[in-house]
Amino acid sequence: MTYKFLIALLVWYLSPVLAQQASPLAGQGVPPLETTEVYLNVFLDRLLDVDAKQYMHESVVLVALSWYDPTARPTVEENSKLVAEGALTCSLPCWTNVLDRGLCCDGIYLPSFSFTNTAGFSQDRQVDAEVYFGPNGTVLWAVTVLGTYYQPMSFQNFPFESIDLIIAFDLLDTSVNVEGHPGVTVVPSAAGPRVFSFGKGDDSPQWNVNNVSLSIFSGPTLLERIQKHATQQSAPSDPNPFNPASGEVWMAQQDKYNIQTVIFSIRVTRFWRWNLVYGVLPVLLCAILGLLVFFQDAGDLGGRISVIVTVFLALTAIQFVLNDSTPQSSYVQPLQQAILAIYLCFGISAVESILAYRLVHWKRFSVERRARRDAWRQYKERLAEWKSFHPKRRSSDSVPLGHDGDVLEEDQQSAQENPEDTTQYRRMAVMGVFKVKKYAAKSAENRESSDARKLRKERDLRPTLASILAENEHYGGAIAYYLDKATFLTLMLAYIIAFPVIFATQSGYVSLLDQTLVQR
């Protein structure tokens with residue numbers, strides 16, 4: 001039972017690989033001398049998906065090739081007769097879905113095209129291929145292709161952008177094996193959307209197909225692009241070097257094979273209404289809700305910060321929701337620019353709320369600030385007094401001095417007049433009496449000078465903003481009120497200007513291919 005489960009799991013894991021198939025336009029044979037042009041017609045039946053995460057797109061297209069080959073019809077008639085007689089087993093029916101007709105296309109020329117940017121072809125849809133023979137030796141080969149294609153994409157105008165999805169066809173000219181053949185040239189012909197899809201409705205989720213076109217790509221060839229971007233040169237002994245020191249030999253071989261590239265472009269536009277409702281509007285509403293803090297009491301700092309944090313978390317949650325539909329790129333997209341601008345405004349609102357709160361309670365903060373300064377000054381005085389009464393012990397033979405090395409003059413004179421009192425003098429010095437007297441005198445002098453300076457400043461200078469705010473708390477409330485209104489109007493004006501500028505200047509068509517290299 002276990003091995004059966006493992007086999008089933010292995011089959012399920014390998015199913016995407018097993019479902020891959022060869023190019024539906026692989027072709028066969030070599031063209032006759034009469035075949036010199038192949039006309040390419042491509043019709044988009046359905047755009048199935050545009051993967052903005054992996055930069056790929058999936059679609060169903062009808063490819064119709066037409067050319068002139070007078071030998072094709074007689075060859076098919078001969079093959080069909082042999083199949084009917086049982087003398088030939090047909091390996092390539094002309095109609096893949098109608099086998100009883102007995103038309104066999106073995107041995108005729110079918111142009112060979114490769115899909116340059118394909119990621120794979122799926123067998124989920126049956127590949128329909130039919131070969132038709134018209135009058136005067138014309139041949140038509142129609143193939144329905146379901147494929148997934150990759151390409152570089154740019155979503156710099158997300159979510160209001162329009163881009164081109166590209167399918168590249170390379171004609172592999174097998175006429176090089178025919179002596180005297182002038183070569184086969186591919187000619188872009190008709191193109192259009194919707195062949196087998198009927199009814200009304202959108203073309204694809206989130207995208208609308210505007211236009212399709214076919215054009216010849218005349219830019220650098222494949223090997224020229226390889227040599228341009230190669231980071232290491234080929235080995236000198238390589239018989240066919242991709243990046244040799246001199247590219248003459250390899251380029252000559254490339255010209256011989258006559259590889260031609262045709263670009264099938266699908267111009268698509270993203271549904272902007274869906275992104276406006278689910279992306280832009282929620283972000284804009286968060287920005288507007290963030291401005292409500294300026295209508296709250298400036299003295300309620302906790303309430304204001306709570307509103308800012310709540311709206312900030314809501315905007316962050318919206319980002320997680322938008323992450324599934326937002327392309328991941330190396331640049332900051334317009335919607336992300338708007339979100340960053342809102343975050344910046346939230347920060348400005350928080351700083352302004354703190355400033356307004358300080359203005360409203362300036363008087364209380366001033367009283368608390370003075371109380372802290374007085375407490376610190378008292379602490380330093382008490383600390384100095386304690387240190388003066390607890391000096392380090394010194395030798396008894398020397399007369400100890402005060403804390404800063406000075407002795408008051410009356411104490412020195414008293415010690416000189418009463419030599420017998422020298423021991424008492426030393427004891428008094430040790431106890432710090434001289435220092436206490438001197439520090440007390442200096443403190444009184446400093447306080448008197450400080451009070452004098454304050455009186456002089458109050459008498460001579462104009463009242464400062466700090467003194468006005470400390471005098472009456474309503475002054476701070478008035479300034480905070482006008483500061484709120486000014487900040488609110490400034491941020492509102494910034495939103496009104498920033499959002500239209502961000503999305504208006506970064507919207508519309510984004511060219512992914514150099515149009516000078518395309519010949520329509």
Side-chain angles (χ1 to χ4, degrees), residues 47 50-57 151-166 202-213 263 265-291 294 311-312 314-349 351-352 486-518 520:
L47 177 64
V50 178
D51 190 349
K53 299 289 185 179
Q54 302 294 330
Y55 287 10
M56 295 191 297
H57 57 94
Q151 68 176 86
M153 295 184 183
S154 175
F155 299 101
Q156 63 189 33
N157 290 345
F158 176 85
F160 305 108
E161 81 271 34
S162 176
I163 61 175
D164 286 333
L165 305 178
I166 295 173
D202 297 329
D203 299 302
S204 176
Q206 293 196 13
W207 297 92
N208 179 56
V209 177
N210 296 337
N211 188 26
V212 296
S213 62
I263 300 296
S265 299
I266 308 171
R267 180 75 54 88
V268 294
T269 302
R270 190 185 296 271
F271 294 149
W272 62 271
R273 293 180 181 86
W274 186 92
N275 290 280
L276 178 65
V277 173
Y278 290 95
V280 178
L281 284 183
V283 172
L284 182 58
L285 288 177
C286 285
I288 296 175
L289 291 176
L291 296 177
F294 299 108
V311 180
F312 176 85
L315 185 57
T316 304
I318 292 175
Q319 281 190 279
F320 281 108
V321 175
L322 294 176
N323 183 59
D324 293 336
S325 59
T326 302
Q328 299 176 358
S329 57
S330 60
Y331 40 83
V332 181
Q333 300 163 1
L335 186 58
Q336 296 171 340
Q337 295 174 14
I339 292 175
L340 291 177
I342 294 174
Y343 281 146
L344 177 61
C345 292
F346 285 169
I348 295 174
S349 300
V351 173
E352 191 277 340
T487 308
F488 169 78
L489 294 176
T490 301
L491 294 182
M492 178 60 75
L493 183 62
Y495 287 149
I496 294 175
I497 295 176
F499 267 76
V501 168
I502 288 176
F503 292 108
T505 59
Q506 301 179 86
S507 62
Y509 173 68
V510 178
S511 178
L512 305 180
L513 189 65
D514 189 355
Q515 298 300 319
T516 61
L517 304 178
V518 177
R520 299 186 185 276

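Closest non-hydrogen pair, Ser329 versus Tyr55, comes out as CB-OH, 3.9 Å. When every heavy atom of Pro500 is checked against every heavy atom of Ile497, the shortest pair comes out as CD-O, 3.5 Å. Looking at every heavy atom in both residues, Thr487 comes nearest to Glu352 through OG1-CG, 3.3 Å. When all heavy atoms are compared, the tightest approach of Pro159 to Arg270 is O-CD, 3.5 Å. Between Leu291 and Met492 the shortest heavy-atom distance is CD1-CE, 3.4 Å. Val332 approaches Gln337 most closely through the heavy-atom pair O-NE2, 2.9 Å.
Considering only heavy atoms from C-beta on, Leu493 stays 4.5 Å or farther from Phe488 through its side chain. At a threshold of 4.5 Å between non-hydrogen side-chain atoms, the residues Ile318 and Cys286 count as touching. For the pair Ser154/Leu512, a side-chain contact is recorded, criterion being any heavy-atom separation below 4.5 Å from C-beta on. Contact of the Thr326 side chain with the Phe155 side chain is not registered, since no non-hydrogen atoms from C-beta on lie closer than 4.5 Å. When side chains are defined from C-beta on, Lys53 does not count as touching Pro327, because their heavy atoms never get closer than 4.5 Å. Residues Val268 and Leu47 form a side-chain contact, since some pair of their non-hydrogen atoms from C-beta on lies under 4.5 Å apart. Between Gln333 and Leu335 there is no side-chain heavy-atom pair separated by less than 4.5 Å. In this structure the side chain of Leu165 reaches within 4.5 angstrom of the side chain of Gln151, judged on heavy atoms.
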Expected list for residues 339-346: side-chain donor-acceptor pairs under 3.5 angstrom, two or more places apart:
{"residue": "Tyr343", "atom": "OH", "partner": "Thr316", "partner atom": "OG1", "Å": "3.3"}
{"residue": "Tyr343", "atom": "OH", "partner": "Gln319", "partner atom": "OE1", "Å": "2.6"}

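Here OG of Ser349 is found 13.0 Å from CZ of Phe312. Values are rounded to the nearest 0.5 Å. Atoms CG and OG1, from Asn157 and Thr505 in turn, are 8.5 Å apart once rounded to the nearest 0.5 Å. Expressed to the nearest 0.5 Å, how far OG of Ser204 lies from NE2 of His57 amounts to 11.5 Å. Distance check, rounded to the nearest 0.5 Å: CD of Gln156 to OH of Tyr331 gives 6.0 Å. Once rounded to the nearest 0.5 Å, the distance linking CG of Leu489 with CZ of Phe294 reads 10.0 Å.
Of the options Trp274, Trp272, Tyr278, a side-chain contact (heavy atoms from CB on, under 4.5 Å) to Leu276 is made by Trp272 and by none of the others.
For the residue pair Asp164 and Tyr509, a side-chain donor N or O sits within less than 3.5 Å of a side-chain acceptor on the partner.
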Original post:
Would Glu161 and Gln506 satisfy side-chain hydrogen bond (donor to acceptor under 3.5 Å, both in side chains), going step by step from the backbone distance to the final call?
Top reply: CA-CA 8 Å; Glu161 81 271 34; Gln506 301 179 86; over 6 Å; no

Subject >> Verdict with supporting geometry, Asn210 and Thr269, side-chain hydrogen bond (donor to acceptor under 3.5 Å, both in side chains) >> reply: CA-CA 7 Å; Asn210 296 337; Thr269 302; 2.3 Å; yes

**OP:** Let me see the working for Met56 and Met153 under side chain to side chain contact (heavy atoms under 4.5 Å, CB included), right down to the final yes or no.
**Re:** CA-CA 9 Å; Met56 295 191 297; Met153 295 184 183; 5.7 Å; no

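With a 6.0 Å radius and a threshold of 12 heavy atoms from other residues, nucleotides or ligands, Phe320 has its CZ atom at or below the threshold.
Under the salt bridge (Lys or Arg N to Asp or Glu O under 4.0 Å) criterion, no residue pair touches residues 327-344, with sequence neighbours excluded.
Between Phe160 and Phe503, the ring planes lie perpendicular to each other; the angle is over 60°, past the 30° to 60° tilted range.
With sequence neighbours left out, Leu289 forms a side-chain contact (heavy atoms from CB on, under 4.5 Å) with Leu292, Val311.
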